[in-house]
Colleague: 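Right, I'll just put the structure down here and ask away after.
Heavy atoms only: backbone and side chains are in, while hydrogens, waters and symmetry mates are out. In this text the structure is predicted, and so the values were computed from the model without any measurement.
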Amino acid sequence: MNVSIIGTGYVGLTTGACLAFLGHQVTCVDNDAEKVAALERGEAPFYEPHLTEILAEARPHLKFTTDYAQAIPGSQVVFIAVGTPTGEGGKPDLKYLEAAARSIGENLSGPFTVVVNKSTVPIGSGNWVGALVRDAWERKNGARVRNFAVASNPEFLREGSALHDSLYPDRVVVGADEPQTAEVLYTLYRPILDQTFSEPAWLPRPERLGAIPLISTDLASAELIKYAANAFLALKISYINEIGRLADKVGADIAQVARGIGLDARIGTRFLQAGIGWGGSCFGKDTAALVATAAEYNLSMEIVTAARAANARQRERVVEKLLDELKILKGRTIGLLGLAFKPNTDDLREAPALDVARMLIARGARVKGHDPVAMDRFRREYPALDIACCESAEDVARGADALVLVTEWPQYRDLPWERLAKVMQTPIMLDGRHVLERARLERAGFRYIALS
């Protein structure tokens, strides 16, 4: 099929590369000419495991352009995968979505095109995008348009596992109000739904993976599924952190508590890792949007609102724990291990490390930091945030009064702790993710503290 993707961020580029890998003819559109030129050279604009490999393998079926007129005409499916950042009052800012929809309408041609909202959009956006496309086409052509329909196809990608989640998803959700629209997307996704494609050598198919469930709904239900899913995952993390605060008071081990409740099949172990809390581009933005949407209907999302407050509180607890140990932060040096919001990505959006750094700097502390992949991006995007970037974890530790594990990169689990302890001013380790081995660090001379 001929497919166009509007936007080459995490969602757009991953979607486009995977569909091209499956054999569809894909054109990705982005208004950033430098980014498009880099993609044409095969250079990935962000870090994601195996992204370079899939771009290379998909290259015969994948093009990049800044020109809608090169991409949209003749496309059977057009995905809108632009950013919808948080705007005033928690509502998503839809200016990029509006611009994309109008540009699609101005260039629409062909017998029938499905315009797909892949971006996370407010409930009702399908109807709105349809109106924008229709108005733009009719203003340009002076006639009524009949050759398109709008669908919702929310993404459920985890940064760091985006290609795995694209090729081997838990489910595919398609929201459409016309049978023809759903049938087009079923045809597009059939190799994934039936798992009939040849697996890439660098990302093998999980054992015993069968057919992928297809959830076919109306537009509004598909749009709400995305928000409800992300909000529920955010709730699980905030809940275990709240239990963790109680565990800290009563002397319980929150890691064992989480394992004990997570092995209940009704609950599950995923997203029950106590610690510094969630960050990234989805949970904060989507929970804010869900609360704002409910308010438009005179509803209050009290549980979701509480989860947001509990998550923000975890950042503050890092500072409180350090104050308990050091008593004074002014003039102290604190080292942060990890800057990205999670491992296997260089994404710094809503990263806990940035919030913690700001609070420490406001109290007069000097902050040092390291990340295996995100430091170049940090230097570009946050030049005014006074974190001294170090080339190694040992450089972070040198002269530090305490270290904080913020991002659970695998390479931080097996650091030469004895050597790090010797170069620190005071060997204190605050484990913000409950992934380090207490006994090992204590043998190395550290005062080990877990954030709960």
Side-chain angles (χ1 to χ4, degrees), residues 10 46-49 157-162 233-234 237-238 240-241 244 254-255 258 270-284 311-319 321-322 334-361 365 367-382 385 387-397 400 402-417 420 428-438 441 446 448-452:
Y10 283 94
F46 50 83
Y47 179 81
E48 177 67 33
L157 307 182
R158 299 166 296 166
E159 290 183 32
S161 306
L233 297 176
I237 297 170
S238 291
I240 199 63
N241 282 334
I254 187 56
R270 297 171 68 184
F271 291 85
L272 281 182
Q273 287 70 45
I276 204 167
W278 38 266
S281 63
C282 291
F283 286 178
N311 192 64
R313 174 74 173 142
Q314 290 304 104
R315 272 74 155 170
E316 298 169 5
R317 284 185 60 77
V318 173
V319 177
K321 289 279 191 179
L322 291 172
I334 309 299
L336 304 181
L337 297 178
L339 299 176
F341 87 93
K342 65 179 290 187
N344 294 318
T345 181
D346 61 352
D347 196 349
L348 296 159
R349 289 174 290 182
E350 303 295 328
L354 306 186
D355 291 336
V356 170
R358 292 185 185 103
M359 288 186 280
L360 291 171
I361 291 167
V367 179
K368 303 165 73 176
H370 173 267
D371 191 282
V373 303
M375 290 204 296
D376 287 344
R377 187 165 181 172
F378 170 78
R379 293 186 184 102
R380 288 196 311 271
E381 296 183 359
Y382 296 92
L385 185 52
I387 299 178
C389 291
C390 300
E391 294 305 314
S392 69
E394 188 167 351
D395 289 341
V396 174
L403 295 176
V404 182
L405 180 75
V406 185
T407 312
E408 63 275 33
W409 284 97
Q411 44 267 64
Y412 289 151
R413 300 187 188 199
D414 296 309
L415 290 171
W417 296 113
L420 266 62
I428 296 171
M429 167 56 72
L430 176 53
D431 184 355
R433 296 295 184 182
H434 288 264
V435 297
L436 301 178
E437 187 180 343
R438 176 192 292 269
L441 268 79
F446 275 92
Y448 174 90
I449 311 150
L451 181 67
S452 55

Colleague: Less than 4.5 Å apart, side chain to side chain, heavy atoms only: is that true for Leu322 and Leu360?
Modeller: yes
Colleague: Can you tell if the side chain of Val396 reaches within under 4.5 Å of the side chain of Leu336, non-hydrogen atoms only?
Modeller: no
Colleague: Any sub-3.5 Å donor-acceptor pair from Glu48's side-chain atoms to Thr345's backbone N or O?
Modeller: no
Colleague: Once rounded to the nearest 0.5 Å, what's the spacing between atom CD of Glu159 and atom CG of Asp347?
Modeller: 4.0 Å
Colleague: Output the distance between atom CZ (Arg438) and atom CD1 (Ile449), rounded to the nearest 0.5 Å.
Modeller: 9.0 Å
Colleague: Specify the closest pair of heavy atoms between Leu420 and Phe446, including all atoms of both residues, with the distance to one decimal.
Modeller: CB-CZ, 4.2 Å
Colleague: Aromatic rings Phe283 and Trp278: how do their planes relate, parallel, tilted or perpendicular, breaks at 30° and 60°?
Modeller: perpendicular
Colleague: Got Met429 and Leu337 here, is their nearest side-chain heavy-atom distance under 4.5 Å?
Modeller: yes
Colleague: Where do Ile387 and Ala357 come nearest, in terms of heavy atoms and distance?
Modeller: CD1-CB, 3.5 Å
Colleague: Please round to the nearest 0.5 Å and tell me the distance separating atom CG of Asp431 and atom CD1 of Ile276.
Modeller: 10.0 Å
Colleague: Do Ile361 and Leu385 make a side-chain contact, defined as non-hydrogen atoms from C-beta onward lying under 4.5 Å apart?
Modeller: yes
Colleague: Looking only at non-hydrogen atoms, find the nearest pair between Arg413 and Glu408 and report the distance.
Modeller: NH2-O, 4.4 Å
Colleague: Any non-hydrogen side-chain atom of Val404 less than 4.5 Å from a side-chain atom of Val356?
Modeller: no
Colleague: His370 and Trp409: side-chain contact (heavy atoms from CB on, under 4.5 Å), yes or no, with the steps?
Modeller: CA-CA 11 Å; His370 173 267; Trp409 284 97; over 6 Å; no
Colleague: How long is the gap from CD on Gln273 to CD1 on Ile240, to the nearest 0.5 Å?
Modeller: 9.0 Å
Colleague: For the CG atom of Leu403 and the NZ atom of Lys368, what is their distance to the nearest 0.5 Å?
Modeller: 9.0 Å
Colleague: Under the criterion side-chain contact (heavy atoms from CB on, under 4.5 Å), I'd like the reasoning laid out for Leu348 against Tyr382: C-alpha separation, chi angles, the key distance, then a yes or no.
Modeller: CA-CA 9 Å; Leu348 296 159; Tyr382 296 92; 3.9 Å; yes
Colleague: What closest approach, in Å, do Gly338 and Val406 show between heavy atoms, and which atom pair accounts for it?
Modeller: O-CB, 3.7 Å
Colleague: So, taking the atom named CZ in Phe341 and the one named CD in Glu350, what distance separates them when rounded to the nearest 0.5 Å?
Modeller: 10.5 Å
Colleague: Flag the pair Ile334 / Leu430 as yes when at least one side-chain heavy-atom distance between them is below 4.5 Å, and no otherwise.
Modeller: no
Colleague: Identify the heavy atoms of Asp371 and Ala340 that sit nearest to each other, and give their distance.
Modeller: OD2-N, 3.0 Å
Colleague: Flag the pair Arg433 / Pro352 as yes when at least one side-chain heavy-atom distance between them is below 4.5 Å, and no otherwise.
Modeller: yes
Colleague: Between Gln314 and Leu451, what is the shortest heavy-atom contact and its length?
Modeller: O-CD2, 4.1 Å
Colleague: I want to check something: taking the side chain as every heavy atom from C-beta on, are Trp417 and Glu437 in contact at a cut-off of under 4.5 Å?
Modeller: no
Colleague: Verify, without hydrogens or angle tests, whether Asp346 (side chain) and Tyr47 (backbone) share a donor-acceptor contact under 3.5 angstrom.
Modeller: yes
